[in-house]
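So the structure is just underneath, and the comments pick up after that.
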Amino acid sequence: MITRIKEYISDNKLLDKEKLHLVALSGGADSVFLLLTLKELGYKVHAMHCNFHLRGEESNRDEAFCIRLCEEQGIELHLTHFDTKTFAEVHKMSIEMAARELRYQYFEEVRLALGADTIVVAHHRDDNIETFLMNILRGTGIHGLEAIKPRNGRIMRPLLCVSRREIEDCLTMRRQEYVTDSTNLVDDVLRNKIRLNLLPMLEELNPTVRSNITKTIEHVAESVKIVDDAIVRGMASCMQPTQNGCVISLARLLEEPSPETILFHIMTDYGFSSAQAEQVFRNINAPSGRIWQSPSHIIATDRDTLIIDIKDDDDADKRLTIPEEGTYIYNVRVKVRLTTAERTSTMQPSRQPNIATLDADKVTFPVTIRHTTEGDAFKPFGMKGRKLVSDYLTDRKRNYFQRRRQLLMEDANGTVIWLIGERTAQQAAITTATRRILTISVENE
């Protein structure tokens, strides 16, 4: 059994004997066996114990046992206490989730403080089987069928190759004491119901069910490698990264064997839910401008593409009033400079999108820079009549995010004199009668 664990650690490259490893020690059979086994195999280990104060004297009993065990084994123990119930109430989460968050946050803090390489936890084969069944009952994708992985970042699980019964038999043979969490013996939560009721029933149907499920998990894990590789390739073929997100080609997406799966994996990287991914796929041919939002990003339909971009609502209502010539900062990305000069015979109107040259005597200060809003209209230079800014940008095939971020400049009379980066207005255009030139330049960083 020890040899099997040694080989499992080696095959999965979990632990390094030259580095320090922190073992999560509850005092139960699994964690006691893990701690003693790693010590026996020659690894440098410290133990960590959390008292969640959820089981009264039993919690204190577990703490005392861990202290005594580590003293007997000459292993350094790191110990902490949590008011788990208060934490759960404040953060509006279940006791189970609160304990998990507190536990792993503490483990990582200790790891960083000591410069340890990994955090080692005692999940074993039966935990893996229970997780597999839990995921099936709740509904899961192919990754959920992998159940518990041997490594997850700095978290290592070297006991997934052995069963709970093997662990307990080994400790009994060695006459090694451990404590029992009484809550594990009550079928009040899903995992306990699976352990105490479902698995025994399945074993009546097939005595080899545990080994069969374990083999299935192993087969799925190998298959997932192929699926993940295909997903990465599919994402790369239809997705073009941008500064704040990406552009998805619908034509290329729909060429994929499973376009909905590819879209799901792209969207979840930007904080969208699986339900939103389903909605977007169902509306993949919706008119341009249909949007969905995650906490951090927006996805919008735009002709033959889907565009994902970051939310930047902070400046949506920002207005910068400019009283006179000079240099001004609109935000961290946009700087504006205004200068006035007498017109010369060699002067030519600017053809650069970030520089506007206007008739200074036709512009009434103060001028204002702001984002476009619904109903904004202007007289584009060289065109007859007024045009809605939204229509102008649509005609220019500007996407949802470009329209959303479009800035304009209006003068004191409320006249739009420049759709910044796009077009100046006819009202402020230079003519043969112009005597002074107002030059406005915008720098985007």
Would you call Y43 and V120 a side-chain contact if the rule is heavy atoms closer than 4.5 Å? no

L41 and L15, any side-chain heavy atoms less than 4.5 Å apart: no

Any non-hydrogen side-chain atom of M1 less than 4.5 Å from a side-chain atom of I167? yes

Output for pair (I266 CD1, C238 SG), nearest 0.5 Å, gives 4.0 Å

Which residues pass the side chain to side chain contact (heavy atoms under 4.5 Å, CB included) test with Q352, not counting sequence neighbours? S350, N354, I355

Heavy-atom closest pair (Y328 atom, P323 atom, distance to 0.1 Å) is OH-CD, 3.7 Å

When you measure from the side chain of H21 to the backbone of D16, do you find a donor-acceptor pair of N or O atoms at a distance under 3.5 Å? yes

Approximate separation, where rounding is to 0.5 Å, of I231 CD1 and H265 NE2: 3.5 Å

Does NZ in K17 sit with more than 12 non-hydrogen atoms of other residues, nucleotides or ligands closer than 6.0 Å? yes

Tell me if a side-chain donor or acceptor on T208 pairs with a main-chain N or O of S211 at a distance below 3.5 Å. no

Does the pair R111/E108 count as a salt bridge with the N-to-O cut at 4.0 Å? yes

Ionic contact status for D229 with K225, cut-off 4.0 Å: no

Does M97, at its CE atom, have more than 12 non-hydrogen atoms belonging to other residues, nucleotides or ligands within less than 6.0 Å? no

Could you tell me which residues satisfy salt bridge (charged side-chain N to carboxylate O under 4.0 Å, His left out) with D127, sequence neighbours excluded, listed by chain and number? R164

For S26, is there any backbone N or O sitting under 3.5 Å from a side-chain donor or acceptor partner on S31? yes

List the residues meeting side chain to side chain donor-acceptor pair (under 3.5 Å) with T214, not counting sequence neighbours, and say none if there are none. none

Among side-chain atoms of R125 and N128, is any donor-acceptor pair under 3.5 angstrom? no

Would you mind telling me which of T321, D317, D376 makes a side chain to side chain donor-acceptor pair (under 3.5 Å) with R370? D376

List the residues meeting ring pair (Phe, Tyr, Trp, His ring centres under 6.0 Å) with F107, not counting sequence neighbours, and say none if there are none. Y104

Go through the steps for R398 and Q406 under the test side chain to side chain contact (heavy atoms under 4.5 Å, CB included), then give the verdict. CA-CA 10 Å; R398 299 300 185 239; Q406 180 64 53; 5.8 Å; no

Ring pair (Phe, Tyr, Trp, His ring centres under 6.0 Å) with H123: which residues, sequence neighbours excluded? none

Taking atom CZ of R4 as the centre, report whether more than 12 heavy atoms of other residues, nucleotides or ligands fall under 6.0 Å from it. yes

Which heavy atom in I75 sits nearest to a heavy atom in A47, and how many Å separate them? CG2-N, 4.0 Å

K335 side chain near V442 side chain, heavy-atom distance below 4.5 Å: no

Do other residues, nucleotides or ligands put more than 12 heavy atoms under 6.0 Å from E177 CD? no

For F87, give me all partners under ring pair (Phe, Tyr, Trp, His ring centres under 6.0 Å), at least two apart in sequence or on another chain. H91

State, to 0.1 Å, how close N331 and I329 come at their nearest heavy-atom pair, and which atoms those are. O-CG2, 3.2 Å

Could you list the residues that satisfy side chain to side chain contact (heavy atoms under 4.5 Å, CB included) with S274, not counting sequence neighbours? F264

Y330 side chain to K318 backbone, donor-acceptor under 3.5 Å: yes

Report the residues that fulfil side chain to side chain donor-acceptor pair (under 3.5 Å) with D126, sequence neighbours left out, ordered by chain and then residue number. R210

Nearest non-hydrogen partners of P295 and G271, listed with the distance: CD-O, 3.7 Å

Look up atom CD in E325 and atom CZ in R337, then write down how far apart they are to the nearest 0.5 Å. 9.5 Å

State the OG1-CG distance between T216 and L145, to the nearest 0.5 angstrom. 9.5 Å

So, taking the atom named CD in E410 and the one named CD1 in I369, what distance separates them when rounded to the nearest 0.5 Å? 10.5 Å

Partners meeting side chain to side chain contact (heavy atoms under 4.5 Å, CB included) with K387 (sequence neighbours left out): P380, M383, D391, Y392, D395

Side chain to side chain, S390 and T372, heavy atoms closer than 4.5 Å: no

Walk me through it: do I194 and L137 pass the test side chain to side chain contact (heavy atoms under 4.5 Å, CB included)? CA-CA 10 Å; I194 290 172; L137 293 173; 3.9 Å; yes

What closest approach, in Å, do I217 and E146 show between heavy atoms, and which atom pair accounts for it? CG2-O, 3.4 Å

Side chains of S182 and E58: do they bring a donor and an acceptor to under 3.5 Å? yes

Set out, in order, the CA-CA distance, both residues' side-chain angles and the distance that settles side chain to side chain contact (heavy atoms under 4.5 Å, CB included) for D117 and R154, then state yes or no. CA-CA 7 Å; D117 188 49; R154 294 285 181 174; 3.0 Å; yes

In this structure, CD1 of I148 is separated from CG of L160 (nearest 0.5 Å) by 6.0 Å

Listed partners of D309 passing side chain to side chain contact (heavy atoms under 4.5 Å, CB included), at least two apart: N244, F401, R405

Do V121 and R157 have side chains that get closer than 4.5 Å, going by heavy atoms? yes

What one should report as the nearest heavy-atom pair of P158 and C161 is O-SG, 3.9 Å

Are any side-chain N or O atoms of S294 and backbone N or O atoms of S296, one a donor and one an acceptor, separated by less than 3.5 Å? yes

Any side-chain heavy-atom pair of R151 and L14 under 4.5 Å: yes

Can you pull the ring pair (Phe, Tyr, Trp, His ring centres under 6.0 Å) pairs that have at least one residue in residues 45-68, sequence neighbours excluded? H46-H78, F52-F82, H53-H81

Please check if any side-chain donor atom of T131 sits under 3.5 Å from a side-chain acceptor atom of R191, or the reverse. yes

Please determine whether the number of non-hydrogen atoms from other residues, nucleotides or ligands lying under 6.0 Å from atom NZ of K6 exceeds 12. no

Taking the side chain as everything from C-beta on, heavy atoms only, tell me whether E166 gets closer than 4.5 Å to H124. no

Residue pairs passing the salt bridge (Lys or Arg N to Asp or Glu O under 4.0 Å) test where at least one lies in residues 59-77, sequence neighbours excluded: R55-D62

Would you please test T301 and W292 for side chain to side chain contact (heavy atoms under 4.5 Å, CB included) and show each step? CA-CA 9 Å; T301 56; W292 293 263; 4.0 Å; yes

